[in-house]
Amino acid sequence: MITTANKKNGVNVDQLMATVEAVQGNPELAKFEFRAKNNWIEGGHCVTSVKSFYGVGEEDTTRKETFTMEADHPTVLLGEDLAPSAAEIVLHALGSCLTAAMTYHAAAQGIDIEGMESTLEGGIDLHGFLGLNPEIRKGYDGIKVKFKVKSDASEEQLRALSQFSPVFDMITNPTPVSIEFEK
């Protein structure tokens with residue numbers, strides 16, 4: 001007998017519910033460690049590779065390929081404009097994670113999403129980065145996300161779903177970062 005996956009919004013709901021049950025039964029399965037290795041090329045140009053990670057109680061071996069991402073700066077910021085800037089990649093990460101969180105949690109709640117797109121904007125004042133004014137942040141002074149969602153869900157429901165995004169949490173709450181150097 002061939003069975004069809006119970007899919008909603010492109011998410012296998014049966015598998016999602018099985019994952020929730022497994023984590024409820026064994027909380028250690030929820031612990032993940034993601035890793036990235038960044039290599040400087042020159043100027044503001046870097047290449048980051050990701051492959052291995054720890055999750056579901058063990059080192060993951062399912063990824064066959066290493067994913068790479070590049071970052072650079074626009075020429076007006078002294079780069080070669082070979083890739084998006086790190087600040088733009090943060091917007092990508094936030095938009096992607098908000099979208100995925102909404103999609104997965106909507107599926108779990110039986111909410112249909114027929115289409116979704118978002119635009120993200122963030123402002124940075126170079127006075128902070130250039131060290132010209134210690135009162136001005138070096139990073140974004142704020143990020144504005146606008147969603148266009150085709151769904152029967154209310155705005156309140158969609159907003160609640162978006163709050164499950166790990167990247168949203170990382171950006172809106174201080175995340176401890178330690179920096180070490182080797183020579």
Quick check for you: to the nearest 0.5 Å, what is the distance between [X] atom [atom1] and [Y] atom [atom2]?
{"X": "D60", "Y": "E58", "atom1": "CG", "atom2": "CD", "answer": "7.5 Å"}
{"X": "R35", "Y": "K51", "atom1": "CZ", "atom2": "NZ", "answer": "12.5 Å"}
{"X": "E114", "Y": "N9", "atom1": "CD", "atom2": "CG", "answer": "9.5 Å"}
{"X": "C46", "Y": "E70", "atom1": "SG", "atom2": "CD", "answer": "10.0 Å"}
{"X": "E135", "Y": "H127", "atom1": "CD", "atom2": "NE2", "answer": "13.0 Å"}
{"X": "T119", "Y": "F147", "atom1": "OG1", "atom2": "CZ", "answer": "9.0 Å"}

Closest non-hydrogen atom pair between [X] and [Y], with its separation:
{"X": "I124", "Y": "A87", "value": "CD1-CB, 3.9 Å"}
{"X": "G95", "Y": "L120", "value": "N-CD2, 3.7 Å"}
{"X": "P27", "Y": "Q24", "value": "CD-O, 4.3 Å"}
{"X": "C97", "Y": "S165", "value": "SG-OG, 3.2 Å"}
{"X": "I111", "Y": "A153", "value": "CG2-CB, 3.6 Å"}
{"X": "H105", "Y": "L161", "value": "CB-CD2, 3.5 Å"}

Under a 4.5 Å side-chain heavy-atom rule over Ile, Leu, Val, Met, Phe, Trp and Tyr, are [X] and [Y] clustered together?
{"X": "F129", "Y": "W40", "result": "no"}
{"X": "V90", "Y": "V145", "result": "yes"}
{"X": "F67", "Y": "M69", "result": "yes"}
{"X": "L29", "Y": "F34", "result": "yes"}
{"X": "L98", "Y": "V167", "result": "yes"}

Any side-chain to backbone donor/acceptor pair from [X] onto [Y]? Under 3.5 Å, distance only.
{"X": "D72", "Y": "L82", "result": "yes"}
{"X": "S154", "Y": "Q157", "result": "yes"}
{"X": "R137", "Y": "Y140", "result": "yes"}

Is the count of non-hydrogen atoms from other residues, nucleotides or ligands lying under 6.0 Å from R63 atom CZ greater than 12?
yes

CD/E42: more than 12 non-hydrogen atoms of other groups inside 6.0 Å
no

Should [X] and [Y] count as side-chain neighbours, where that means a heavy-atom distance under 4.5 Å?
{"X": "V13", "Y": "K7", "result": "no"}
{"X": "V149", "Y": "I113", "result": "yes"}
{"X": "V50", "Y": "T66", "result": "no"}
{"X": "F53", "Y": "F32", "result": "yes"}
{"X": "K148", "Y": "S118", "result": "no"}
{"X": "F168", "Y": "Q163", "result": "yes"}
{"X": "K8", "Y": "D112", "result": "yes"}
{"X": "L77", "Y": "S85", "result": "no"}

What do the steps show when you test L158 against M102 for side chain to side chain contact (heavy atoms under 4.5 Å, CB included), and what is the final call?
CA-CA 7 Å; L158 293 170; M102 291 168 63; 3.9 Å; yes

For L94 and I143: C-alpha separation, side-chain torsions, deciding distance, then whether side chain to side chain contact (heavy atoms under 4.5 Å, CB included) applies.
CA-CA 10 Å; L94 178 60; I143 297 173; 3.9 Å; yes

Under a 3.5 Å cutoff, is there a donor and acceptor pairing between the side chains of E80 and H45?
no

Side chains of T48 and N38: any donor to acceptor distance under 3.5 Å?
yes

